[in-house]
Number of protein chains: 2
Amino acid sequence: MANETENMQGFSPIDFLRTRSLANVVQHEIERMIVEGEFTPNERINENALAQQLKVSRGPIREACSALAALGLIQVIPNRGFFVRELSEDEARDVSEARAYIFACMTMSVAERITDAEVARLRVLVDRMDALAKTGEVSQYYPVNLEFHSELARMCGNARLAQIYLGLARELHIQRYRALASGDVLDISNREHRAIVEAVAARDPQQAFTAGRAHIVNGTSRTRRASVALRHGSD
Amino acid sequence: MANETENMQGFSPIDFLRTRSLANVVQHEIERMIVEGEFTPNERINENALAQQLKVSRGPIREACSALAALGLIQVIPNRGFFVRELSEDEARDVSEARAYIFACMTMSVAERITDAEVARLRVLVDRMDALAKTGEVSQYYPVNLEFHSELARMCGNARLAQIYLGLARELHIQRYRALASGDVLDISNREHRAIVEAVAARDPQQAFTAGRAHIVNGTSRTRRASVALRHGSD
DNA sequence: CGACAAAAAATTGTTGACAGTTTACCAAAA
DNA sequence: TTTTGGTAAACTGTCAACAATTTTTTGTCG
């Protein structure tokens, strides 16, 4: 129809046409709102208000929330509604630990199957991060770091493992356990990257597992320390 | 209320009642139908027919299917409906491998934190399975085997890891990669159980990881062999 | 007889309305 | 002032109807 192009804002028209179901669009919109803080943890999602705001009826809203509940991002309490899920201290610890384990498994798998060409590709990324860490360019370091991690996820040759890893990372991201990096932290982090690359280059699965797990565990405690420092600083 | 305390088994009855919306009931019903073969892989789920059969309207059906789609059990094709998801050969391999990795992480974690009392509890289970394997009582062996695995999941001290493990196991179960056991297979399988117990009893995480991974990997190939044999036998 | 187009049927997508439950509010009594 | 009881508003749970799309059937022409 002609007016399809009117009411799409922020979405590419291709995506809009691919998943024409409103529920799907709504789901991604709610996800975005949670990530960007328009919904706070434990807040109730008012179906009527959201329906009015997004100009749809409650049906698609409820379908989207059901899906997000299954994904663990939303909690449902019968007769009271959908609530943005907040991880307890214990749950956050479990998710972080699980993420470390699964990342370790990924690097282990990479060590068992990596080619020389792939080793070279990882080395390029680590070298580039080294240079950026030296100059302290956090904003440029971050995307390369992301690429390094997703490159490993691809190389592990197990799409499901990678998917689980990304899901856990997203959950932590939503809960505002975000990586906050300063100069020397970048350097330490990249030294761990190098340890991973050397382990997989040596085709040593044990060592790769250990290095991978250590990287996430250390990263988690670095993030936690930074966020505690921030909290004390701003109070 | 007075009768709250009466019929609580495992979890509180208040939770039981609180999670009962029609959509939730329908979700479990569809799940059951898939597991028990009333829906075959790739079959379309007819919303009207199912609504009539379950005596509800299409709203709850769609909410339930959205949730199952998020869980990966159902596939959505816009304007064509919900389809029972079938794992491809590659996907099934990935899921099996991921399950092995995560079980290995669980046993590794158990080795790092297990108490003497818990070691004793595991030994009791393995001994009991040994006795049942000798007599070849498959139907009695199976529940003890299940208890052994869930006991390990509990002991690993990470609810999220355990949840992921169970999700993967369920997915494979639904896809009919089921454990089919005969006498000597039981014996071999339980020898692997014993290897896991000895590794965690020695507080050796490395060894526990190896033993745990091997158990699932071997179990998968045993199941696969059995199912191939069955298929050839029945054709 | 087969290919193709048009009509009909079946099915999904979406909406608004109504019933049942929870929450908020307010007045009266202790 | 606090508590209690009851009423009204807000909200969720469910449904049936309508719109849009896909699939099946039917009819026509080569």
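Just so we're on the same page: letters track the sequence lines, and every chain starts at 1. Every value quoted in this text rests on a predicted model; they were computed, and no experiment measured them.
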- request: From the options C:dT14, D:dT14, C:dT23, select the nucleotide whose nearest atom is closest to the side chain of B:R62.
  value: C:dT14

- prompt: Would you say B:T107's side chain and B:A208's backbone share a donor-acceptor pair under 3.5 angstrom?
  reply: yes

- request: Sequence neighbours left out, what pairs pass salt bridge (charged side-chain N to carboxylate O under 4.0 Å, His left out) with at least one residue falling in residues 151-162 of chain A?
  value: A:R121-A:E151, A:E151-A:R154, A:R160-B:E171

- prompt: Considering residues at least two apart in sequence or located in another chain, which fulfil the side chain to side chain donor-acceptor pair (under 3.5 Å) criterion with B:E86?
  reply: B:N42

- request: Return each pair, listed once, that meets salt bridge (charged side-chain N to carboxylate O under 4.0 Å, His left out) where at least one residue sits in residues 62-73 of chain A; pairs must be two or more places apart or across chains.
  value: A:E47-A:R62, A:R62-B:E63, A:E63-B:R62

query: Taking side chain as C-beta onward, heavy atoms only, is B:S109 less than 4.5 Å from A:Y101?
result: yes

For A:N46, side chain to side chain donor-acceptor pair (under 3.5 Å) partners two or more places apart: none

query: Which whole-number value in Å describes the distance from A:I61 CD1 to D:dG13 C1'?
result: 15 Å

- request: Check DNA chain C against residues 47-56 of chain B and give the residues with a non-hydrogen atom under 4.0 Å, in numerical order.
  value: B:E47, B:N48

message: Are the side chains of A:F103 and A:L152 in contact, using a 4.5 Å heavy-atom criterion?
response: yes

message: Just to verify, what does A:E91 make a side chain to side chain donor-acceptor pair (under 3.5 Å) with, not counting sequence neighbours?
response: A:R85, A:S88

task: Give one of base, sugar-phosphate or nothing for B:G59, where a contact means two heavy atoms less than 4.0 Å apart.
output: nothing

query: Whole-Å distance between D:dT12 C1' and A:F83 CZ?
result: 11 Å

field: Qualifying salt bridge (charged side-chain N to carboxylate O under 4.0 Å, His left out) pairs with a residue from residues 95-114 of chain A, counting only residues at least two apart or across chains
entry: A:E112-B:R213

query: In terms of side-chain heavy atoms of B:S57, which of C:dT22, C:dT14, D:dT14 is nearest?
result: D:dT14

field: Terminal axes of the helix from C:dC1-D:dG30 to C:dA30-D:dT1 (five pairs each): angle between them, nearest 10 degrees
entry: 10°

Enumerate the protein-to-nucleotides 6-10 of chain D contacts in which both atoms are nitrogen or oxygen and the separation is below 3.5 Å.
none

query: Once you round it to whole Å, what is the distance between P of D:dT12 and CZ of A:F82?
result: 9 Å

- request: Identify, with sequence neighbours excluded, every residue that meets side chain to side chain contact (heavy atoms under 4.5 Å, CB included) alongside B:S139.
  value: none

B:E63 CD - C:dT12 P separation (whole Å): 16 Å

message: Using whole Å, what does the distance between atom C1' of nucleotide C:dT14 and atom CG of A:N24 come to?
response: 15 Å

query: With sequence neighbours excluded, what pairs up with A:R128 under the side chain to side chain donor-acceptor pair (under 3.5 Å) test?
result: none

message: Determine whether a donor-acceptor pair (one donor, one acceptor, N or O, separation below 3.5 Å) exists between the side chain of A:R58 and the base of D:dG13.
response: yes

task: Tell me, please, which residues at least two apart from B:R170 pass side chain to side chain contact (heavy atoms under 4.5 Å, CB included).
output: B:E31, B:L71, B:L73, B:I174

message: By nearest heavy atom, map A:P60 and A:N79 onto DNA chain C; which one lands nearer the 5' end?
response: A:P60

- line: When rounded to whole Å, the CD to P distance for the pair A:Q75 and D:dT12 reads 15 Å

message: Whole angstroms only, please: what is the CG-C1' distance between A:L22 and C:dT12?
response: 13 Å

